[in-house]
Amino acid sequence: MACLLIRNGTLIDGTGGQPLPHAAVLIEDKRIRAAGPADAVALPDADTVEIDVQGGFILPGFIDVHVHLMGEGYDLEKELTTPFSLNFYKAIGYMRRTVEAGVTSVRDAAGADLGVKQAVEQGLVPGPRVQISVTALSTTGGHGDGWLRSGVDITFPPYPGCPDGRCDGVEGVRKKVREVLRAGAEVIKVCTSGGVLSPTDHPDFTQFAPEELAVMVQEGAYHGGVKVMAHASGLQGIKNAVRAGVHSIEHGDNLDDETIELMLERGTYLVPTLLATVGVLEDAETAATMPEWSKPKMREVADIHRASMARAYKAGVRIAMGTDAGVSPHGTNLRELGLMCGIGMSPMEAIVAGTRVAAGCLGWEDRVGTVEPGKLADVVVCKRDPLADIRALEDVDNIPIVIKDGQIVRDRRGVAG
Ligand SMILES: [Zn+2]
C-alpha cells in the first residue's frame, strides 16, 4: 500500500491550534505527507486507499509517558504463583489493549525489557511504540524493594534482560546505572521517594541522597543524553530530583511553591498519573487483594495529590500525560484526559498534554505527537467531539480507527457500537 487518505473529518492536530473542519490527512508509507483542508491536500494517485471518517475527529496517536506493560493489578498471591514466562504472554494482551485504545507510544516506567520493545518493532505482536527504562533504581528498603518483614523477597526476579534495580551509595548507583543502560534502557527510572505499593516505606520518605542522584543524571548524559525520570511523591524526594536535574517528576503528589518555581526554571516535566490514584482507590474498594498496609497511605496521598497538580498546572508547569497503567487496567489510559480536565485543564490542553507535550517528554517531538507532514503516521479517529466531551476518548467504542506507523492497527468501521 502506497498511500492512505483519511478524509471527511475535523482535524485536531495536537499542536493546540484551532480544530480544522473538512480536513484530510495523506499518509505515505510510515509518514504523514500532508494534513490540512481537504482541498489543499494533494489528490492521491489511483491506488490510494481512502478512509472516510464520516464527520469524525482526526487526532494524533496518544502517548502515555508512564505505563507498566509487564503487569496489571495487584494480587500478591497471584504474583507469587505466576510462572515467570507467563508474564510476557500476558503483556501481549496489555499491549494490544493499549494501542487499540488509541495510545500509539508509551514510556514503560519499569518492567519491560528490550525484547518486549523489539517484539513490537518487529511486528511479532501488536502494541504501542515503547521507550524502555528496564528496571527502577531503588534504595534498599525503597519503593522498588519488595523485601517483606517476614524475610520473603517478592521483588520481581532479575534475569539477563532486566537487572535487579536495588543499589546504594555513589559507586553502587554508578554501576547499576551502567548495567541498566547496558540492558538497553532509553530512560533511567529512579524512585526518589517511597510509595503506596511498597511494603516497608511511606510516600513521604526520601530515597537516594543528592550525590547518588547526581551520578544517575551524569551517567545518563554520558550515555548519549539519556534522561532520568523520577518516581517522587514526598516533597523532599521531589526537590532532590528536580535539583539533580531529572527530566520528569512522576506522581509529584506534594508540590510546594518553591518546588513549582524550581520546576518552571528547569523545564522539568510533571507527570500527574491521576488515574493511578483513582484506580488504586477503586481497587481498594472492590478487591480483597489490595494489601492492608497500602490502604491508609492511599487515602492520604489521594487527598493532597489533586490539589497539588492543580497548583502546578496554574503555575504553568509542563504537564505530560501519564497514567501508571498496570496499576489500573491497560487500555483505560485515556481516562487520564478527563481527570486532567478535573484539575482545571481545558479539553484541548489535556489533548496536547497527551500528544505534543508527551512526545517532548520522551524526546520524540520530531517523530510523533502531532499530525503534521513528516511525522510518523500515528492517527486516531474518534466518532464524537472530544472538545465537547473529553470523556468520549475513554470509550474505545468511540474509536473506530487507530493507525500506527502508517499501518491500520484497529479498524472497527461498520462494527455496531
Ligand atoms: Zn509507575
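These values consider heavy atoms only, across backbone and side chains, with no hydrogens, waters or symmetry-generated copies. Indexing begins at 1, ligand by ligand and atom by atom, following the structure's order.
Counting heavy atoms from C-beta on, the side chains of Thr370 and Thr355 never come closer than 4.5 Å.
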Between Ser248 and Lys227, is the side-chain hydrogen bond (donor to acceptor under 3.5 Å, both in side chains) condition met? List the steps. CA-CA 9 Å; Ser248 66; Lys227 312 276 195 209; over 6 Å; no
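Residue contacts to the Zn ion (ligand 1): His66 brings an N, O or S atom closer than 2.8 Å. Distances from the Zn ion (ligand 1) show that His68 has an N/O/S atom below 2.8 Å.
The shortest non-hydrogen separation linking Pro386 to Pro347 is O-CB, 3.7 Å.
The Zn ion (ligand 1) sits nearest to atom OD1 when only the N, O or S atoms of Asp324 are considered.
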Distance-only donor-acceptor hits, side chain of residues 188-195, under 3.5 Å, sequence neighbours excluded:
from   : atom 1 : to     : atom 2 : distance (Å)
Lys189 : NZ     : Ala109 : O      : 2.9
Thr192 : OG1    : His231 : O      : 3.4
Thr192 : OG1    : Gly237 : O      : 2.9
Ser193 : OG     : Pro203 : O      : 3.3
Ser193 : OG     : Ser233 : N      : 2.7
Ser193 : OG     : Gly234 : N      : 3.4

